[in-house]
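Beneath this line is the structure, given in structure tokens, with notes to follow.
Values in this document were obtained by computation on a predicted structure and should not be read as measured data.
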Amino acid sequence: MQQSALPRSLERLVTLLKTSLQEGKLNPKRAKELVLEADVQVEDMMHYADFEHPTPDCYGRKMVYDGGQFEVMVMSWNPGDYSSIHNHGYTEWGVVQVFGNTHHFIYNIKDNQMAFAKRELLMAGEAIKVNNALIHQMGNATTAPYLTLHVYGASCRDEAVTADAKNYDLELDRIAHTCGGAFFDLPKEQVHSIEAGVEPTQEVFLHYAHLLMDYYNRQVQTDDIIAKKRQLFEKMEAYTFEDMAVETV
């Protein structure tokens with residue numbers, strides 16, 4: 001696949017990934033080792049920075065290299081930017097390396113109920129393993145913009161590794177399948193199928209709703225956004241007072 005020349009450390013990463021694929025199938029542990037070995041530099045990633053991304057996009061998202069069986073991307077996060085809750089489509093192995101202190105939330109689903117599995121602060125330079133079983137959310141709670149490096153791979157595919165990713169739209173009680181970004185309030189054209197949603201715990205929903213409301217507040221206050229905020233607020237109230245309702249029965 002013909003692509004333009006890459007900055008040195010990103011070229012090193014791509015070469016390491018290609019070589020390992022030729023030697024055999026990769027896994028998340030080995031992919032993380034390769035990313036750390038590549039020692040990607042922030043200055044090499046700046047060519048792909050997109051801090052001017054539209055607010056509805058949640059974060060900037062640029063493809064660095066599409067190797068068919070793997071993709072390398074750079075994401076740009078302004079203060080307050082958060083992804084939706086999502087997985088990574090067909091990804092069998094991958095890595096996310098952060099270059100700024102990053103809020104990270106991992107979720108599990110059991111008996112159709114979504115709960116927190118882990119809440120953590122990833123420190124600049126830290127890398128985490130990824131596969132299609134990971135359901136997570138990340139964002140920038142600092143006062144400075146920064147970049148993150150993303151590698152997603154699938155040894156059984158020749159293209160579109162992150163296709164058919166799931167976005168968990170808790171405010172709409174649905175799971176939206178998309179080939180786009182892990183964004184809140186996905187445009188209809190980016191959703192190719194929908195399935196019934198999961199039941200979040202009160203803690204998960206109120207956390208999610210807080211981030212979603214902030215996302216709405218940072219946009220131009222059109223009639224559509226105001227209506228979505230009102231609907232979300234009503235659902236937040238229902239979750240907030242559900243325990244009191246049970247106690248009074």
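The backbone N or O of Lys32 lies less than 3.5 Å from no partner atom in the side chain of Lys129, so there is not a single donor-acceptor pair. With hydrogens and angles disregarded, no donor-acceptor distance shorter than 3.5 Å links the side chain of Asn78 to the backbone of Asp81.
Counted by atom type alone, Asn167 and Ser84 present one or more donor-acceptor pairs between their side chains at under 3.5 Å. Between Gln137 and Tyr107, the side chains place a donor N or O and an acceptor N or O closer than 3.5 Å (distance only, hydrogens not considered). Glu171 and Tyr208 share a donor-acceptor pair across their side chains, judged by distance under 3.5 Å alone. For the residue pair Asn217 and Lys229, a side-chain donor N or O sits within less than 3.5 Å of a side-chain acceptor on the partner.
Rounding to the nearest 0.5 Å gives a distance of 11.0 Å between CE of Met75 and CG of Leu147. How far CD of Glu92 is from NZ of Lys25: 6.5 Å, rounded to the nearest 0.5 Å. Atoms CG and CZ, on Leu122 and Phe99 in that order, are 12.5 Å from each other to the nearest 0.5 Å. Atom CE of Met138 and atom NE2 of His103 lie 11.5 Å apart (nearest 0.5 Å).
Remark: His104 pairs with His136 by the ring-ring contact (aromatic ring centres under 6.0 Å, His included) rule, at least two apart or across chains.
Residues Asp44 and Pro7 approach most closely at O-CG, 3.3 Å, considering heavy atoms. The two atoms that bring Asn140 and Pro79 nearest to each other are ND2-N, 3.4 Å, heavy atoms only. Scanning all heavy atoms of the two residues, the minimum distance from Trp93 to Phe70 falls at CH2-CB, 3.6 Å. Considering all non-hydrogen atoms of both residues, Thr142 and Asn101 come closest at CG2-O, 3.4 Å. Nearest approach of Gly125 to Gln97, heavy atoms of both residues: O-NE2, 3.1 Å. Closest of all the heavy-atom pairs between Ile135 and Met114 is CG2-CE, 4.3 Å.
Environment of CZ in Phe51: crowded, with over 12 heavy atoms of neighbouring residues, nucleotides or ligands closer than 6.0 Å. Around the CD atom of Gln221, the shell of radius 6.0 Å holds more than 12 heavy atoms that belong to other residues, nucleotides or ligands. For Gln41, the CD atom counts as densely surrounded, since its 6.0 Å shell holds more than 12 non-hydrogen atoms of other residues, nucleotides or ligands. Other residues, nucleotides and ligands place more than 12 heavy atoms under 6.0 Å from the CG atom of Asn112. Heavy-atom neighbours of Gln231 CD from other residues, nucleotides or ligands within 6.0 Å: at or below the threshold of 12. Annotation for His210: atom NE2 does not count as buried by contact number, only 12 or fewer foreign heavy atoms lying within 6.0 Å.
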Can you give each donor-acceptor pair under 3.5 Å made by side-chain atoms of residues 180-187, sequence neighbours left out, with the distance rounded to 0.1 Å?
| from | atom 1 | to | atom 2 | distance (Å) |
| --- | --- | --- | --- | --- |
| Asp185 | OD1 | Lys228 | NZ | 2.9 |
| Asp185 | OD2 | Lys228 | NZ | 2.9 |

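Each of Val161, Val95, Asn131 was compared with Tyr152 under the side chain to side chain contact (heavy atoms under 4.5 Å, CB included) criterion, and only Val161 meets it.
Using a 4.0 Å cut-off between charged side-chain N and carboxylate O, Arg8 and Glu11 make no salt bridge.
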